[in-house]
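Down below is the structure, laid out as structure tokens.
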Amino acid sequence: MPRLFTHTWIQGLGMLFLLACLAPAPVMAQDAVTDQELRDTVAGLTNSDFSAKQTVIEQLMRMPHRRSAAILTAMLNGDLHYRKDDEHVVIAQAGEADYRLTDPVTGEDLGSTEKSGIRKITVNNQLRGVLRNAIGQLNLSSDDPADRLAAVRETIKDMSPSSIELLRAALAREKDSRVLEQMQNALALVDMGNPDKAVRLGALERLGGSLEPEVRNRLAALIEQDGNGAFIEADPDIRQAATVALARIDNRVKIFGLIETVFFGISLGSVLLLAAIGLAITFGVMGVINMAHGELMMIGAYTTYVVQLMMPAHIDLSLFVAVPLAFIVAGLFGIAIERGVIRFLYGRPLETLLATFGISLVLQQLVRSIFSPLNRSVATPSWMSGSLEINSVLSLTYNRLYIVLFSLLVFAALLLILKKSTLGLQVRAVAQNRAMARAMGVRSGWVDALTFGLGSGIAGVAGVALSQLTNVGPNLGQAYIIDSFMVVVFGGVGNLWGTLVGALSLGVLNKFLEPWAGAVLAKIVVLVAIILFIQKRPRGLFPQKGRAAED
Amino acid sequence: MSMLSHGIVRTLLESDRGGRIFLLILAAVALAIPVANLVIPESSSLHLSAYTVTLLGKYLCYALLAVALDLIWGYCGILSLGHGAFFALGGYAMGMYLMRQIGDRGVYGHPELPDFMVFLNWQELPWYWYGFDQFWFALLMIALAPGLLAFVFGWFAFRSRVTGVYLSIITQALTFALMLAFFRNDMGFGGNNGLTDFKDILGFNLQSDTTRVALFLLSALALALGYLVSRYIVNSKLGRVVVAVRDAESRARFIGYRVEHYKLWVFVFSAVLAGIAGALYVPQVGIINPSEFSPLNSIELVVCVAVGGRGTLYGAVLGAVLVNYAKTWFTTEFPEVWLFALGGLFVLVTILMPQGIVGLFARLRGRAAARKSAESGAGEAT
Amino acid sequence: MSDGQDPMNAEGMAHTPPEGGVDTSHGPILYLENVSVSFDGFKALNELTLYVDDGELRCIIGPNGAGKTTMMDVITGKTRPDAGTVFFGQTLDLARLSEHEIASAGIWRKFQKPTIFLAHTVFENLELAMQADKGVWASLRACLSAEQRDRIDEVLALIGLIGQRGLRAQSLSHGQKQWLEIGMLLMQNPRLLLVDEPVAGMTHQEMDRTAELLTSLAGRHSVVVVEHDMDFVRSIARKVTVLHEGSVLAEGSMDQVQSDPRVIEVYLGA
């Protein structure tokens, strides 16, 4: 059996890896300027004359090197120093007792030094303006659209004649549609100051499509009244246009807010799905209540923690090791539980519930004794951190996105196993008629153990996913066990599709209720809703049909 | 009157040997403890400290709670994993009364608002705190709050024929949700600190030995009465119907019993009993907080009943005292071993002794009796 | 079934049909006319027409899938007919009543597998089944009257379990359990008793006892027995109905039915 699973898992992991590669990675700029040229130019900053420094800054502005912006930013922040002994320019960051030095051109570590060993490259107010301008310019011509986008946003906040000039120049070169749109919005904001009414109306028309908070603030200011009740903007047409544009913006923000809520709901739902499909097998197919299911998830999460401890240099790969390992570890625990305890309790569901609850207590205490009762932090691989920015009001974090995909993958794999594999066939046979299956030569005890192991293994895998979302601690499992039972009951016992629909709809319902009722009340409302739902459909959304379903 | 009640008690206990033994022991303890605490001087080794009296009082409250659970689990077949919620609600009702009794003696000295409300900058008492300055009102609420919750919950659950493990899990979800709710400061029940710093009850200082002994005696009385009323219910036709529902629900429905009404009635009664236990518990331990709602508490209770032997009532008492004594001992001597022990107990009891200690004794007695009759050669005992 | 003390029970009792509502002035107590039931296209009952007289003991036989169980389901309200009418006496339309209402109108069914209360004694089983106020409060304060004890004893005698009255039901033999269940139904004073394969799994002696019991019931109650065992049917039946593919194939005395060529074909030809 394990071979069967690992095979599927490798395929799954491969797909995940592909997805990871597709995720946007920083694009390396081609350096038109060599390091040495840059170093020579930077050396000019040691000159104490401000106008000389300005000349160097303007030179740097025209040098498209990947470190140029970083150097200027360091200078603006007052981190740029030079060593007194060799006048080597360094970026120095204050540590606890000394200064940590990095090379401005290569970014490599140059060790640390006393404060007395370095001198700061000072800037005055005029230079600060020049620096901001130069950084903006450099970013606007960066090769990475994300950098350019950020530069435009930065410019919108603080418009000066020179930055407007830069923006117009950059607009002409821009190819990326999102950056282009952002630039046009920025210029439209500039046009708002134009004395020509037609230009201003045109600008308003354009701004109605923007989602930048800055734009919204500016528009809102247009229709405000001063202390005397007089409108700040005198022209009623402009006010009218501003109101329309604002309404358009608010509408879009609302829609994106809705999308975001749905996404959060689906994300929560997929966590519930991961937690519940293991249960759907042990509870739905075998009829065994496993109250230790949450603790098997906890074991999966701790497996991730241990894997990361053992391969600290390869955090990015750790999850690919943790997923199969957690499956095996939790699966073995599950088989041990089934053979050691549950096997004696078939047909006595309440006793099974109590015994497995006892096991859950033991497992919790075991983890407390081994790993301490404190939460352990599990690192997030770099390809899972960050977020996918759709626009300035909607961004989806990668870890949630991946977990949604992952849960669907696990679901599909499980479905495949139950429908296509020999084990699946035997599991279904035993679930339907144990005596008959045994008569046909199915080793029902063996099948029970493997089925339980499968459900437990999936709990372990769910634990790996959870370790990326919440704290890993001894109480990890408890928080999910009740919810996952609700999902299984709501979806209909013994029906995997029901579990899928149940999990996603409960997740979305929860997230929609949360802003309205608060997290705790939302939970209670959902609970009450499920109780009411069971009134109408005692067997869940997708009830099992046929004689087997009768009492 | 006393003759009559004496008669009733006698008929009740006629065929209840375990109950007779239990009540005798309870009466003996109730007589001995006040003497040991109040009369025997502290210097004597027979003297019992106030701490021990309170600890024993606590056990009695748990025992009453266990009787309540046994009624619903052992006889009605409903495994409630949320009975701690009713216990806690009764406790909170009592706690609110005790809170109001503090008056202006709190840290902030506010004449009306409890300390935590002053701390949260509340200006006036929430409406649901009205009336709790009256003892009779608190008494009413001790029964009403858990009873009402049980009624609403049970009405929905039993009507829709939610049974077995489904019901168990929903009861667990119920107490879990309540725990979350009571943890919130804006619920107005003191958030995670709960209600504490009580001063006195009906004017008697809660710290004094006499009050403590009185509370202990009250707990013993409540336990005895709760036991007798439960025994009365179990012995009545109602009790037989309930067991019939447990064993063959659809059959009972078929011959004309409204099964959901029976379940609801017993469930509500059991919840009220649990609430009373909670109300007696709070003045003795001096605090009530949301952790009383935690699912673990309720499930510990279940293991008490299972260890003692369910469906016997006195087994529940025995289990509650034993398990809680074990808990006290473990948590002071080997705190980290307690959960292992508890977890192991769950597994061992369910697999090896499903009828609990009482069942074990019954089996041993049965075996001894069989041996005896075999020896005497009176019958062909097999 | 007066019920004034228990408010919780009021809702359920409101639908109880009027007492003595079974009008058998025309002879038959049960009328099934042109009843059809189909499941997913399969016709379980096909235009079935059947009458049972008041006080009659009727046996229904037929091969598997003939529609015997479906017919019982229709009579007890578990399954609704797609077409046709089902009347209890002249006036009660069973197709409109709930299972609960049908039971309180006097039709009781004994299922194949005995379901009795195993943890209770034989006496208590009958006590629980007794017609009485079944509200919660009434049960809490219930005390058996002398008449009620007599009634239980009477039924105990009828089902031959007087000696076992104090025994827990779980220690009864299979046949005794079946009789106890019949006894529990008798406690309801049924007008019509439907009995589903009563002798499956019984020893010969038990079968004879059962035959005796069922014949002694006829007259006071109408009894419909569905059974496979031909010897048993022969020992009790006055009138036999043969079902085949959802409708009546033949009806008459056992000898008549057995010599009917269509019946022989159905039972032997297939």
Side-chain angles (χ1 to χ4, degrees), chain A residues 283 287-289 291-292 295 337 340-345 348-366 368-369 373 474 478-479 481-486 488-489 493 518-521 523-528 530-540 551, chain B residues 73 77-79 81 152-153 155-170 172-184 186-187 249-250 294-296 298-300 302-303 305-306 310 335-352 354:
Chain A
F283 184 36
V288 168
I289 296 289
M291 294 302 273
E295 278 59 37
I337 293 172
V341 176
I342 292 174
R343 155 163 91 105
F344 304 106
L345 298 170
R348 289 158 63 195
L350 290 180
E351 271 87 348
T352 315
L353 188 154
L354 291 180
T356 49
F357 199 97
I359 294 170
S360 82
L361 295 182
V362 171
L363 290 180
Q364 275 176 36
Q365 190 56 43
L366 199 67
R368 273 194 204 105
S369 303
Q478 283 183 321
I481 185 78
I482 290 176
D483 284 343
S484 10
F485 269 113
M486 291 296 137
V488 177
V489 170
V493 173
V520 172
L521 208 59
K523 249 199 162 81
I524 298 172
V525 169
V526 169
L527 181 71
V528 172
I530 289 176
I531 294 180
L532 291 178
F533 174 81
I534 294 179
Q535 302 267 312
K536 288 272 164 243
R537 308 194 58 159
R539 289 181 196 284
D551 285 335
Chain B
W73 182 30
I78 299 169
L79 175 54
L81 296 182
V152 172
F153 179 84
W155 193 78
F156 277 119
F158 302 141
R159 209 178 60 120
S160 56
R161 304 194 185 171
V162 180
T163 52
V165 286
Y166 288 84
L167 190 66
S168 303
I169 287 162
I170 293 184
Q172 184 170 45
L174 170 84
T175 192
F176 188 66
L178 279 170
M179 177 177 77
L180 293 181
F182 272 74
F183 262 124
R184 283 156 48 109
D186 49 0
M187 273 287 282
E249 176 165 345
S250 53
S294 85
L296 186 59
S298 296
I299 207 124
E300 258 178 39
V302 170
V303 97
V305 178
R310 68 190 130 115
E336 67 284 353
V337 181
W338 168 237
L339 279 188
F340 284 127
L342 187 66
L345 206 56
F346 270 101
V347 178
L348 289 181
V349 167
T350 46
I351 293 184
L352 297 181

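Both backbone and side-chain heavy atoms feed into the values below; hydrogens, waters and symmetry mates do not. Chain letters run A, B, ... following the sequence lines, proteins first and then strands; every chain starts at 1.
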Can you tell which part of B:Val165 gets under 4.5 Å to a heavy atom of chain A, answering side chain, backbone, both or neither?
both

For chain B, which candidate among A:Val488, A:Asp483, A:Leu366 shows the most heavy-atom pairs at distances under 4.5 Å?
A:Leu366

What is the minimum heavy-atom distance between A:Ala355 and B:Thr350, and which atoms define it?
CB-OG1, 3.5 Å

Could you look at B:Leu81 and say if it's the side chain, the backbone, both or neither that has a heavy atom under 4.5 Å from chain A?
side chain

Given that the side chain runs from C-beta out, which part of B:Phe340 has a heavy atom under 4.5 Å from chain A: side chain, backbone, both or neither?
both

Should A:Met291 and B:Phe346 count as side-chain neighbours, where that means a heavy-atom distance under 4.5 Å?
no

Sequence neighbours excluded, which residues qualify as ring-ring contact (aromatic ring centres under 6.0 Å, His included) partners of B:Phe153?
none

Taken to the nearest 0.5 Å, the spacing of A:Ile289 CD1 from B:Tyr166 OH works out to 7.5 Å

As an exercise, state the distance from CD1 of A:Ile482 to CG of B:Leu174, rounded to the nearest 0.5 Å.
10.0 Å

Euclidean distance, B:Leu342 CG relative to A:Gln365 CD, rounded to 0.5 Å
10.5 Å

Between the CD1 atom in B:Ile169 and the CD1 atom in A:Ile481, the distance rounded to the nearest 0.5 Å is 7.5 Å

Exactly one of B:Leu79, B:Val349, B:Val303, B:Val347 clears side-chain contact (heavy atoms from CB on, under 4.5 Å) with A:Leu354, and that residue is B:Leu79

When rounded to the nearest 0.5 angstrom, what distance separates CD1 in B:Ile78 from CG in A:Leu350?
10.5 Å

4.5 Å side-chain heavy-atom contact, A:Gln478 and B:Pro295
no

Contacts of B:Glu249 meeting side-chain hydrogen bond (donor to acceptor under 3.5 Å, both in side chains) (sequence neighbours excluded), chain-then-number -> B:Arg253, B:Lys263

Using heavy-atom distances under 4.5 Å, tell me whether A:Leu363 contacts chain B through its side chain, its backbone, both, or neither.
neither

Atom CD in A:Glu351, atom CD1 in B:Ile351: separation rounded to 0.5 Å?
10.5 Å

Interface moiety of B:Trp73 toward chain A, non-hydrogen atoms closer than 4.5 Å:
side chain

Let's test your reading of the structure: which of B:Ile170, B:Leu296, B:Ile299 forms the most heavy-atom pairs below 4.5 Å with chain A?
B:Ile299

